[in-house]
Every structure is written in structure tokens, then in C-alpha cells.
Amino acid sequence: MPEGHTVHRTANDFQRLFVGSAIGIDSPQGRFSAGAQALSGQVLTNSYAIGKQLFLDFANGQTIRIHLGIFGKWRWYKNIDVAAALKEPVTGEVRARFFTESVLADLRGPTICEVLVQEQVEAVRRRLGPDPLNPDPDGSEYQRFAKRVAKSKTAIGLLLMDQSVISGIGNVYRAEILFRAGINPYTPGSSLKPKQIQELWKDSVDLLAIGVKTGFMITRNELFTTRPTKAERNFVYKREGQACRVCSKKVSIALAAGRKLYWCPKCQK
DNA sequence: GGCCAATGCATAG
DNA sequence: TATGCCTTGGCCG
């Protein structure tokens, strides 16, 4: 379920299980056959995520870029006999499969799975905004975000979904971060106080980190010591027409740029 | 079993 | 703003 935290978890899995090894790559579905042929058997030297994109660097200087889009999914098989598993018939459309002797990772339905050379990677990176999950020791990533928001007349609810403004936020975190900050999603970025912009960034850092740690988009985290159910996890996301968990007013819904936007009309004036 | 919606984004117009 | 991508989970019956 792909907002930024999921992709970082995948990058971590690749780091732990594949980096440093020569890995096998195959494309049972066929749509990544050329890439698989070009890179199968190469040593994976690095794995990292920026927002919702995964980058896998290989010893020959090439990089695989993967973007799950809304449908893409990974399926991992750890501590298995891969040689035996590879002889089994493939179920469904497996675009790419990555493996060592004991670990197999199958990728289905991604929007993007392609091989890039260095300058193409840099071009992709240039159009991605700061990622709250990546280190920001000098605060410059936060500054990039704050400047973009402060000079934009676009609604903050749209800016948070714009991957060149901040990368890794999706529809769930967008709704929840704005609720937690008490900000109406239609407020233009330029109308926000610096303190509010700072709060949005800081809460993104905190919430996405919880997502990476737990694997779930828990945004009422202050309330739980054990894992909440899906129905308990969030304040407003997918709760239209139900009572706000803070003020009891009905949660609103609207379509904004083709995506469902949820907010509390009282808590987020 | 069928059907729909979904955490996203590129492209066309 | 509309459409295509093309998988999965959840809901309905």
C-alpha cells in the first residue's frame, strides 16, 4: 500500500537482504525482459527510496527505478529454496522477480519498472521534492519545502500531494496531517503562517516514521500502545459522514484534482 | 463468485 | 479535467 513509508520499507528490505550480492533478475510476464537480461547477475550496490520511488543501484553503474503507482505490489519469500521455487509455475503477472539462493521478491503491477543510467536518475531526482523520511541534518530539506509552500497560491491540500513539493505523502497522510494541524485543506500555501508550515513538515516526519516502523499508516498514534484496527487508525480518512473523533461534527468529503479529500469542517476552519 | 474502489501518476486535450 | 494503467482487498449476494 504505497505511500512513502511502504517504499522505504521495501528499500530497507533490499538493503538488508540483497545489497552486496549478485542477484538474479527475471521477468516472467515479459515486460521487463530487457532490463532483467541487462542486469541479472550484477551485484546490487545500493538501495534507497525518495518519496514513492525505489532506486536499486548496480555495480555496472545502472539503476532500476520502480514506482508502484496505485496498483503495484511486492510479494516476498524469505528463507526459502529459491531454486525449487523458480521451477514452480508463476501465478499472475509478475513483471519482475529478484532473487538470491534463499530470498525471492516478486513485483506485480507497477506503474514504472525501468533501467536508467546515471544522468537519467539525476533527472528524476531533480523533480522530486524533499522526503521527510530522508535525513535532513542541516534543515535544508525542510527549507525547500517551506519556501515552495509559502510562495504558492495553490491550496495546501493539493501542495501536499505534489511530489515536487514534498515527496512521499499520499491521500491518507494528506488528510490526516492537515487534520492534526487543524488546517483547512483549501487554505492557499501563501496564507499559512511559518509556524504552521513547520508543523506540517514536522508531523510528516513523525507520522511517516511511524509508518516505516509499524508498516501501517497510524495517525492517532498518541492513543494506542498496541496496534489499532483499520477502523481506529485515522481521524478523517474514509470517514465521510461520520462524527469527527474530536468535535463530533460530520466529516466532509470532496473531490479535489480527482482524489477524495476528507476533513472536519469544524476542527479545520 | 462478481463487482467496485483504492494509498498514484503520466499523458492527452 | 478525463483516461489508462492493471492488482488486490473488501463488500455484496
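Lettering follows sequence order; numbering is per chain, from 1.
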Whole-Å gap separating P (B/dT7) and CZ (A/Phe216): 18 Å
Which heavy atom of A/Pro194 sits nearest to which heavy atom of A/Tyr142, and what is that distance? O-OH, 4.2 Å
Quick one: A/Arg233 CZ to B/dT7 P, roughly how many Å, whole number? 15 Å
Measuring from the side chain of A/Lys238 (C-beta onward, heavy atoms only), which nucleotide among C/dT8, B/dT7, B/dA6 has the closest atom? B/dA6
Looking at B/dT7, I'd like to know if its phosphate oxygens (OP1 or OP2) sit under 4.0 Å from a side-chain N or O belonging to A/Tyr173. no
If I pick the P atom on B/dG13 and the same atom on C/dC5, what distance separates them, to the nearest angstrom? 15 Å
Grab the CD1-C1' distance between A/Ile66 and B/dG8 for me, whole Å please. 16 Å
For the student: nearest non-hydrogen atoms of A/Arg16 and A/Lys78, plus distance: NH2-NZ, 4.0 Å
When rounded to whole Å, the CD to P distance for the pair A/Glu240 and B/dA5 reads 12 Å
Applying a 4.0 Å non-hydrogen cut-off, can you work out what A/Arg75 is touching in the nucleic acid: base, sugar-phosphate, or nothing? sugar-phosphate
Of the candidate nucleotides B/dA6, B/dG8, C/dT8, which contains the atom at the shortest distance from the side chain of A/His67? B/dG8
Nearest-Å distance for atom pair CE/C1', residues A/Met161 and B/dA10: 15 Å
Using whole Å, what does the distance between atom C1' of nucleotide C/dT3 and atom CZ of A/Arg259 come to? 14 Å
Looking at the side chain of A/Lys260, which of B/dA5, B/dG8, C/dT8 is the nearest nucleotide? B/dA5
Considering only B/dA6, B/dG8, B/dT7, which nucleotide approaches the side chain of A/Lys52 most closely? B/dG8
Look at A/Gln163 and B/dC9 and indicate whether a side-chain polar atom (N or O) is within less than 4.0 Å of OP1 or OP2. yes
Between B/dA10, B/dC9, B/dT7, spot the one nearest the side chain of A/Arg127, thanks. B/dA10
For atom CZ of A/Arg108 and atom C1' of C/dT8, their distance in whole Å: 11 Å
In sequence, state the C-alpha distance, the side-chain angles, and the governing distance for A/Glu114 and A/Arg65, and then conclude on salt bridge (Lys or Arg N to Asp or Glu O under 4.0 Å). CA-CA 5 Å; A/Glu114 63 183 7; A/Arg65 171 192 172 222; 2.9 Å; yes
P atom, B/dA10 versus C/dT8: distance in rounded Å? 22 Å
Atom CZ of A/Arg65 to atom C1' of B/dG8: distance rounded to whole Å? 12 Å
Looking only at B/dC9, B/dT7, C/dT7, the nucleotide nearest the A/Phe71 side chain is C/dT7
For A/Asp106, run the side-chain hydrogen bond (donor to acceptor under 3.5 Å, both in side chains) check against A/Arg97, A/Lys73, A/Arg75 and tell me which one passes. A/Arg97
Is a side-chain N or O of A/Gln42 found less than 3.5 angstrom from the main chain of A/Leu39, in a donor-acceptor match? no
